[in-house]
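Structure, as structure tokens:
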Amino acid sequence: MSRIQVAESAGFCFGVKRAIEMAYAAIKTEHPLYSYGQLIHNKTVTDDLAAKGLQITEDLDSMEAGTLLIRSHGVGKELYDKAEEKGLRILDGTCPFVKKIHQIVQQQQEAGKGILVVGDGAHPEVIGICGWCQNQAVILEDEQAAREKDIPPKDSYAVVVQTTFRQEKFDKILQILQERGISMQVFQTICSATEKRQTEAEELSKRVDKMIVIGGKNSSNTQKLVEICAKNCGNTVHIETICDLVLNNFEKNDKIGITAGASTPPAIIKEVVVTMSEALENAVQNLEGSEEATFEQMLEESLVTLHTGDVVKGTVIQVVNEEVSVNLGFKSDGIISRGEFSSDPNVIPSKTVQPGDEIEVFVVRVNDGDGNVMLSRKRIETQKGIEEIEAAYNDKTVATGVVEKVVKGGLIAVVNGVNVFIPSSQVSNRFIEDLSVFNGQKLEFNIIEVDRVKRRFIGGRKALVEQEIAAKRAALFETIQAGSKVTGTVSRLTDFGAFVDLGGVDGLIHISEMSWGRISNPREVLKEGQTVEVFVLDVDKEKGKISLSLKDADMNPWKLATDKYAVGSIVEGKVVRMVPFGAFVELEPGVDGLVHISQIANKHVVKPEDELKVGEMIKVKVLEVNPEQKKISLSKRQADAPAEETPAETAEEEATTEE
């Protein structure tokens, strides 16, 4: 016979119960009534409170009047001060154990001591504690932080600990601090009820075949219970309500243990126990006279006995207003609401299933109050999604999901209704500043971490991107050749040039290869994201480098320089650079000529700057053109003098370009 044992301390702790009772009492008299953050990590309770009028706020700026209920986690001093300044009435539901920590850190800091807080820095309780020591506390989340985190030198530290922290981990952290030589006074602030609940969970999980932990997915103390139980009982499941429990995973001879987090109401615990007891009792009655049959077989063979959490097959009867009716062979038909049909909100039930189709469904509730069986197809998808993710992790294969949203630190991609977190460091092989470009995209990624108990799945694209780039690089280097013309996209600009993506591999256009003329910055010619046609100058396969140019050799202005700037002709140009021996004049972009200092004026010139200015347009006479060496000798003096007054010059003097 199956045995179900519930931990004595399961469910509401004193502090949570006090805050909940305070909320229900205040709802009747206080209007409007707000709670600072969710009052409890339990959706059933928070939904009920919201329906009765309790509003949740995270910001007091928008509040002009009303009553503010402080949750059991507590808040910092600054929030109390702000609420009083705005004239808000305060109902303080802070747990007395937490309130004691507030007093300790405030008094110890005023006495000149440093503050060390052991706990989860992102948890509301720890955030509130830090608010009572001017947010100057050093937070130590684990043993690694205790070893490596910088702790400023002080004569003495006061050490407090989050009320739901594990005593075993706290003791190890204290030992590390002692080894580091930290002078400290330790305040034992772990809640006795929390410690008792964790101890009971540990002992119970050692004695049973399967363990059920009930509590909110975001509840810190519930997560700690899951961790404790999972170490001792491999068949540990974490549920929020009976709807999350798959009953056919339990057999008639199982020893089953149940515990619950501090935010779990007694009614939910009772519902789980009663539902499981009824299911297992029915299993035993139906198995009389058949000792070899199993509870799981009974469930599979019986289509007329349903329990919350069952997964069964049924036939679609009709689809009306996108609500699907299903024949289960039960005394009542089942109903799948639009919201429970698929994880994808774009899926339309009437276009997906037709009357007569056989579908697999999850039993959410056997009786919704009107005699209907509430079903879910979405939860089946989620289960299959988890199996798909686990298979991808175990087999080292690629998973595919759609990015649902961008969050702090990365992306959330959905695989068959299951959220997979992709950290920003794993989105690509390089830093991407704006992750919003991935919103709504279908991505492939590896599964790099799986924790089914915590429903924590982490994906990574970095390795895939690197493999893809390596393949593209190999393919490109097999085909690309010096002298060819290719198309690419400007991926990055620097002061010395531009990198162009040629299809997974970047080539470099040096600034000197961007124009036949003179430019001072690549941004004068190109911009990031621009599509360009470039000429391949050189390919170095060993170093993986490709040199590119924007300059078309056929458009080289020096090819026409001899004809365009005939010796003896007078042309106009712009002074672009001064040197001690003369001035360089730009005749056109890419073609400069030199006016030697002796050819600037019909007088002795000490410095070119005495006669010319950079940017000045002047007329010059062409003395010599050497296109091979890209040199043109010019004379301003001869261009300025009338032909009959031009002094006789030897060819050697006219061609002087010595520097």
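- Distance check: I447 CD1 to N394 CG gives 11.0 Å after rounding to the nearest 0.5 Å.
- The closest side-chain heavy-atom distance from L508 to L548 is not below 4.5 Å.
- Using modelled atom types, one side-chain atom of E141 and one backbone atom of G121 make a donor-acceptor pair closer than 3.5 Å.
- Of the inter-residue distances, the one linking R473 atom CZ with E466 atom CD reads 11.0 Å to the nearest 0.5 angstrom.
- Heavy atoms from other residues, nucleotides or ligands lying under 6.0 Å from CD of Q481 number 12 at most.
- Once rounded to the nearest 0.5 Å, the distance linking CG of D434 with CG of N439 reads 10.0 Å.
- At distances below 3.5 Å, not a single donor-acceptor pair connects side-chain atoms of K169 with backbone N or O atoms of E143.
- A salt bridge does not link K231 to E227: none of the charged nitrogens lies less than 4.0 Å from a carboxylate oxygen.
- K485 and E533 are joined by a salt bridge, as a carboxylate oxygen and a charged side-chain nitrogen come within less than 4.0 angstrom of each other.
- Considering every non-hydrogen atom in both L435 and S424, the closest pair reads CD1-CB, 3.9 Å.
- More than 12 heavy atoms of other residues, nucleotides or ligands lie within 6.0 Å of CG in D610, so this atom counts as buried by the packing criterion.
- By the 4.5 Å heavy-atom criterion applied to side chains, E449 and R456 are counted as neighbours.
- A donor-acceptor pair is defined here as one N or O able to donate and one able to accept, closer than 3.5 Å; such a pair exists between the side chain of Q530 and the backbone of K527.
- Within the 4.5 Å cutoff, the side chain of D120 has no heavy atoms near those of the F165 side chain.
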Determine, stepwise, if the pair F457 / N419 fulfils side-chain contact (heavy atoms from CB on, under 4.5 Å).
-> CA-CA 7 Å; F457 307 103; N419 288 349; over 6 Å; no
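- No side-chain N or O of E528 forms a donor-acceptor pair with one of S491 less than 3.5 Å apart.
- To the nearest 0.5 Å, atoms CD1 (I139) and CD (Q162) are separated by 10.0 Å.
- A heavy-atom distance below 4.5 Å is found between the side chains of F341 and V353.
- When the options K217, H238, E240 are evaluated for a side-chain contact (heavy atoms from CB on, under 4.5 Å) with T222, the one that passes is H238.
- One finds no salt bridge joining K636 and E611 here, because no Lys/Arg side-chain nitrogen approaches an Asp/Glu carboxylate oxygen to under 4.0 Å.
- In this structure, R577 is positioned above the aromatic face of F584, its NZ or CZ under 6.0 Å from the six-membered ring centre and within 45° of the axis.
- Contact annotation: the side chain of V414 never approaches that of V420 to less than 4.5 Å [non-hydrogen atoms, C-beta and beyond].
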Return all side-chain donor-acceptor pairs below 3.5 angstrom for residues 385-392, not counting sequence neighbours, or 'none' if the list is empty.
residue	atom	partner	partner atom	Å
E388	OE1	N416	ND2	2.8
E390	OE1	R452	NH1	2.9
E390	OE2	R452	NH1	3.3

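- No side-chain heavy atom of L411 sits under 4.5 Å from any side-chain heavy atom of F421.
- Side chains of E524 and S520: a donor-acceptor N/O pair is present below 3.5 angstrom, by distance only.
- K442 places no side-chain N or O within donor-acceptor distance of the main-chain N or O of T400, the cut-off being under 3.5 Å.
- The side-chain heavy atoms of V532 and T489, taken from C-beta on, include no pair separated by under 4.5 Å.
- Open room surrounds CZ on R430; 12 or fewer heavy atoms of other groups in view lie less than 6.0 Å from it.
- The shortest heavy-atom contact between V347 and S342 is CG2-OG, 3.6 Å.
- Between M514 and I509, the closest heavy-atom pair is CE-O, 3.5 Å.
- Checked by atom type and distance alone, the side chain of E381 never pairs as donor or acceptor with a backbone atom of R377 at under 3.5 Å.
- Between the side chain of E572 and the backbone N or O of V620, no donor-acceptor pair lies under 3.5 Å.
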Assess whether side-chain contact (heavy atoms from CB on, under 4.5 Å) is satisfied between E322 and S350, documenting all intermediate values.
-> CA-CA 6 Å; E322 303 307 332; S350 60; 2.9 Å; yes
So K82 and D61, side-chain contact (heavy atoms from CB on, under 4.5 Å) or not? Walk me through it.
-> CA-CA 9 Å; K82 191 171 184 178; D61 290 338; 2.7 Å; yes
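- Of all the heavy atoms in T562 and P627, the pair that sits closest is OG1-CG, 3.5 Å.
- Atom NZ of K545 sits about 11.0 Å away from atom CZ of F477, to the nearest 0.5 Å.
- Atom CD of E179 has more than 12 neighbouring heavy atoms from other residues, nucleotides or ligands inside a 6.0 Å radius.
- Under a 3.5 Å cut-off, the side chain of D395 and the backbone N or O of T397 do not form any donor-acceptor pair.
- Counting heavy atoms from C-beta on, the side chains of Q638 and L623 come closer than 4.5 Å.
- Annotation: the span from K551 atom NZ to F535 atom CZ amounts to 11.5 Å, rounded to 0.5 Å.
- Of all non-hydrogen atoms in G590 and E586, the two that sit nearest each other are N-OE2, 4.4 Å.
- Not a single donor-acceptor pair under 3.5 Å links the side chain of W558 to the backbone N or O of Q629.
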side-chain contact (heavy atoms from CB on, under 4.5 Å) between D495 and R523, worked out | CA-CA 8 Å; D495 291 337; R523 291 169 179 81; 4.0 Å; yes
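- Heavy atoms only, all atoms of each residue included: I546 and L502 are closest at CD1-CD1, 4.0 Å.
- Checking side-chain atoms of E616 against main-chain N and O of K613 turns up a donor-acceptor pair under 3.5 Å.
- Because its NZ or CZ atom is both nearer than 6.0 Å to the ring centre of Y393 and within 45° of the ring axis, K396 counts as a cation-pi partner of that residue.
- D506 and R492 are not joined by a salt bridge, as no carboxylate oxygen comes within less than 4.0 angstrom of a charged side-chain nitrogen.
- Here the side chain of S484 pairs no donor or acceptor atom with the backbone of I480 at under 3.5 angstrom.
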